[in-house]
> 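Could you have a look at this structure, given as structure tokens, before my questions?
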There are 2 protein chains.
Amino acid sequence: MAAKGQVTRQANKEKRKEKILTVARNLIAQEGFDALTVNKLAQGAGVTIPTVHNLFGKKNDVVLALFQRLVDKVDDVLAEPELVDPIQASEAFLDNLLALYSSDEAFYRAAFLGGERLGLFEHELNEGVFKKSIRVAERLCERALEHGYLQGRLDSRWLAQQLFGSQRLARQDWVSGYIDLAHYRQQALIGMLITFAADATPALHERICDRVSQLAR
Amino acid sequence: MAAKGQVTRQANKEKRKEKILTVARNLIAQEGFDALTVNKLAQGAGVTIPTVHNLFGKKNDVVLALFQRLVDKVDDVLAEPELVDPIQASEAFLDNLLALYSSDEAFYRAAFLGGERLGLFEHELNEGVFKKSIRVAERLCERALEHGYLQGRLDSRWLAQQLFGSQRLARQDWVSGYIDLAHYRQQALIGMLITFAADATPALHERICDRVSQLAR
DNA sequence: AGTAAAATTTTAGTATTAGTTAAAATTGGT
DNA sequence: ACCAATTTTAACTAATACTAAAATTTTACT
């Protein structure tokens with residue numbers, strides 16, 4: 001049998017946690033990771049400092065919670081690619097990802113930033129998403145090869161790593177505040193297309209060159 | 001006319017500054033940027049806290065000094081490429097850079113880390129090196145084109161950006177502690193070669209594929 | 001509606017850090 | 001041996017993360 005008054009309490013607790021996470025997200029996105037102090041967090045959420053600790057534990061646990069939500073969301077959107085054509089697949093993939101990020105830019109920037117600063121990208125927590133991304137990219141290359149878009153002269157795993165790397169670098173620059181989402185898309189897309197061009201059959205190579213020239217600098 | 005006793009005093013001052021910078025470098029490289037406290041800095045250098053402030057100013061000015069030395073060193077090694085062949089040029093370029101980094105790995109890791117953390121890469125201080133790197137990469141592409149290694153179907157500026165990006169991503173991973181210098185070289189080289197392959201004439205393309213397959217995973 | 005118990009927040013505090021400063025002690029050059 | 005530059009001693013302020021225990025709120029039951 002449940003203890004007294006668990007349901008409503010739990011719900012309110014969740015509301016406060018959400019509020020705190022929202023404040024954290026905005027603080028990090030607007031003023032940078034170092035601006036995230038428990039004091040500001042508490043003030044912004046309308047609670048006192050120990051409440052933050054009661055709800056999350058250490059300050060880093062707040063960031064950890066933010067990051068966990070990021071991983072869940074990104075994992076969802078990282079579905080198997082349906083398109084076979086490398087150009088279309090690249091654009092669709094980026095559109096998918098970027099649509100997610102645009103839906104709550106402050107949150108995603110903050111969560112990535114926090115993840116970086118806490119060294120969360122080297123640990124198992126993220127390992128799943130990392131490996132999944134590479135696998136999706138590899139599958140993309142293999143299917144392109146099967147359908148005659150690629151020559152197969154370069155190992156799919158290296159192409160995949162490069163595809164992923166192009167996107168990762170652009171994301172870094174976006175998270176660091178150097179570029180906006182539009183440039184993120186452009187930079188990542190060019191990187192992916194150049195990568196495909198490295199092993200493309202003549203027909204695809206021609207199309208990639210055309211597509212790249214369209215992209216204004 | 002110089003004031004009394006300036007020469008030796010100045011020299012000793014420099015020695016103390018060097019000592020402090022060395023301690024800072026080791027602290028950052030071994031324990032991370034957040035481990036850098038003025039207290040540890042003073043203790044490690046065998047001086048007191050006010051001395052650190054007297055010699056450098058704010059704590060960040062110590063990191064700034066570290067970063068300035070990095071910029072100077074990297075700028076020196078970023079000479080115009082002498083080789084025309086893209087494969088040879090890529091390897092030579094990376095060997096040059098990596099030789100520099102291996103000569104004092106702790107220093108370079110610490111300085112890059114500090115630069116990132118202080119947001120020094122978006123400011124003018126580094127702008128010079130950034131632009132110079134891109135320019136070197138562009139020149140490389142143009143010369144490769146002139147000598148019949150490239151087809152000229154893809155804009156040199158985009159290829160250059162991608163070349164630079166490949167190296168930058170590998171560097172990031174090294175600075176973050178995910179990979180060592182040997183993997184840095186391999187990762188960057190593969191990225192650069194794949195980039196060249198995207199616009200290579202058949203002969204070069206063949207050679208790049210061969211070279212890439214040699215590189216063990 | 002009132003009340004006792006449980007969950008939760010707050011009050012008030014600790015410990016560590018960065019960054020200063022004034023005056024005393026030390027160091028180095030001539 | 002003297003003088004000037006420099007470092008140290010010995011304080012201070014302000015900000016940070018975090019915690020134990022008291023006070024408060026909320027729930028479920030009568």
Side-chain angles (χ1 to χ4, degrees), chain A residues 1-24 27-28 30-67 110 113-114 117-120, chain B residues 1-24 27-28 30-66 110 113-114 117-119:
Chain A
M1 179 186 270
K4 284 190 184 177
Q6 289 291 42
V7 179
T8 313
R9 272 182 199 282
Q10 205 62 29
N12 288 358
K13 214 168 163 179
E14 282 309 314
K15 274 183 192 166
R16 276 188 294 269
K17 285 178 89 166
E18 284 307 314
K19 178 67 184 167
I20 290 170
L21 285 178
T22 304
V23 175
L27 269 175
I28 295 178
Q30 286 162 25
E31 303 178 37
F33 187 81
D34 291 321
L36 183 75
T37 67
V38 182
N39 194 11
K40 286 184 188 171
L41 218 45
Q43 278 197 317
V47 296
T48 56
I49 291 171
T51 298
V52 177
H53 284 109
N54 286 336
L55 292 176
F56 287 95
K58 313 271 181 191
K59 184 180 83 164
N60 282 355
D61 294 333
V62 178
V63 183
L64 217 72
L66 222 53
F67 189 74
L113 245 166
R117 288 296 289 271
L118 261 52
L120 265 30
Chain B
M1 180 188 275
K4 283 190 186 177
Q6 290 291 44
V7 179
T8 311
R9 276 182 197 282
Q10 203 64 29
N12 288 0
K13 215 168 163 178
E14 283 309 314
K15 273 184 194 166
R16 276 188 293 270
K17 286 178 90 166
E18 283 309 312
K19 178 65 185 169
I20 290 171
L21 285 179
T22 303
V23 174
L27 269 174
I28 296 178
Q30 285 162 25
E31 302 179 38
F33 187 81
D34 292 321
L36 184 76
T37 68
V38 180
N39 194 11
K40 286 184 189 172
L41 216 46
Q43 277 197 317
V47 296
T48 57
I49 293 173
T51 298
V52 177
H53 285 109
N54 285 338
L55 292 176
F56 286 95
K58 313 269 181 192
K59 184 178 81 163
N60 281 354
D61 292 333
V62 179
V63 183
L64 218 71
L66 221 53
L113 245 165
R117 289 296 288 273
L118 262 50

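Letters go in sequence order (proteins before strands), and every chain restarts at 1.
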> Would you indicate whether the side-chain heavy atoms of A:Ile20 and A:Val23 approach each other to under 4.5 Å?
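Side-chain contact under 4.5 Å: no.
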
> Could you measure the distance from the CG atom of A:Asp34 to the CG atom of A:Leu27? Nearest 0.5 Å is fine.
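These two atoms lie 12.0 Å from each other.
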
> Identify each donor-acceptor pair in which a side-chain atom of residues 52-60 of chain A lies under 3.5 Å from a protein atom, sequence neighbours left out, and give them as a table.
{"unit_1": "A:His53", "atom_1": "ND1", "unit_2": "A:Ile49", "atom_2": "O", "d": "3.4"}
{"unit_1": "A:Asn54", "atom_1": "ND2", "unit_2": "A:Pro50", "atom_2": "O", "d": "3.4"}
{"unit_1": "A:Lys59", "atom_1": "NZ", "unit_2": "A:Leu36", "atom_2": "O", "d": "3.0"}

> Rounding to an integer number of Å, can you tell me how far A:Leu55 CG sits from C:dA7 P?
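Distance, rounded to whole Å: 15 Å.
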
> Check side chain to side chain donor-acceptor pair (under 3.5 Å) between B:Arg16 and all other residues, then give those that pass, not counting sequence neighbours.
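In terms of side chain to side chain donor-acceptor pair (under 3.5 Å), with neighbours along the sequence ignored, B:Arg16 is linked to no residue.
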
> Enumerate the residues from residues 14-23 of chain B whose closest heavy atom to DNA chain D is under 4.0 Å, giving them by residue number; use none for an empty result.
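Correct list: B:Arg16.
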
> Does any pair with a residue in residues 45-54 of chain B pass salt bridge (charged side-chain N to carboxylate O under 4.0 Å, His left out), and if so which ones, sequence neighbours excluded?
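Matches after skipping sequence neighbours: none remain.
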
> If a pair satisfies salt bridge (charged side-chain N to carboxylate O under 4.0 Å, His left out) and one of its residues is in residues 35-52 of chain B, list it, with sequence neighbours excluded.
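Listed by first then second residue: B:Glu31-B:Lys40.
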
> Less than 4.0 angstrom between a side-chain N/O of A:Lys13 and OP1 or OP2 of C:dA7, yes or no?
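Result: no.
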
> Shorter than 3.5 Å, N or O on both sides, protein versus nucleotides 25-27 of chain C: list them out with atom names.
{"unit_1": "C:dT27", "atom_1": "O2", "unit_2": "B:Arg9", "atom_2": "NH2", "d": "3.3"}

> Could you encode protein contacts along nucleotides 11-19 of chain D as a string, one character per nucleotide from 5' to 3', using B for base contact, S for sugar-phosphate-only contact and - for no contact, with a heavy-atom cut-off of under 4.0 Å?
-----SSBB

> For A:Thr48, enumerate each residue passing the side chain to side chain donor-acceptor pair (under 3.5 Å) test, keeping only those at least two apart in sequence or located in another chain.
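Here the qualifying residues are A:Thr51.
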
> In chain order, what residues pass the side chain to side chain donor-acceptor pair (under 3.5 Å) check against A:Glu18, with sequence neighbours excluded?
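In terms of side chain to side chain donor-acceptor pair (under 3.5 Å), with neighbours along the sequence ignored, A:Glu18 is linked to A:Arg69.
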
> Check side chain to side chain donor-acceptor pair (under 3.5 Å) between B:Thr37 and all other residues, then give those that pass, not counting sequence neighbours.
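For B:Thr37, no residue satisfies side chain to side chain donor-acceptor pair (under 3.5 Å) once neighbours in sequence are set aside.
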
> Do you know the tightest heavy-atom contact between A:Lys19 and A:Gly44?
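What the structure gives for the nearest pair is CE-O, 3.7 Å.
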
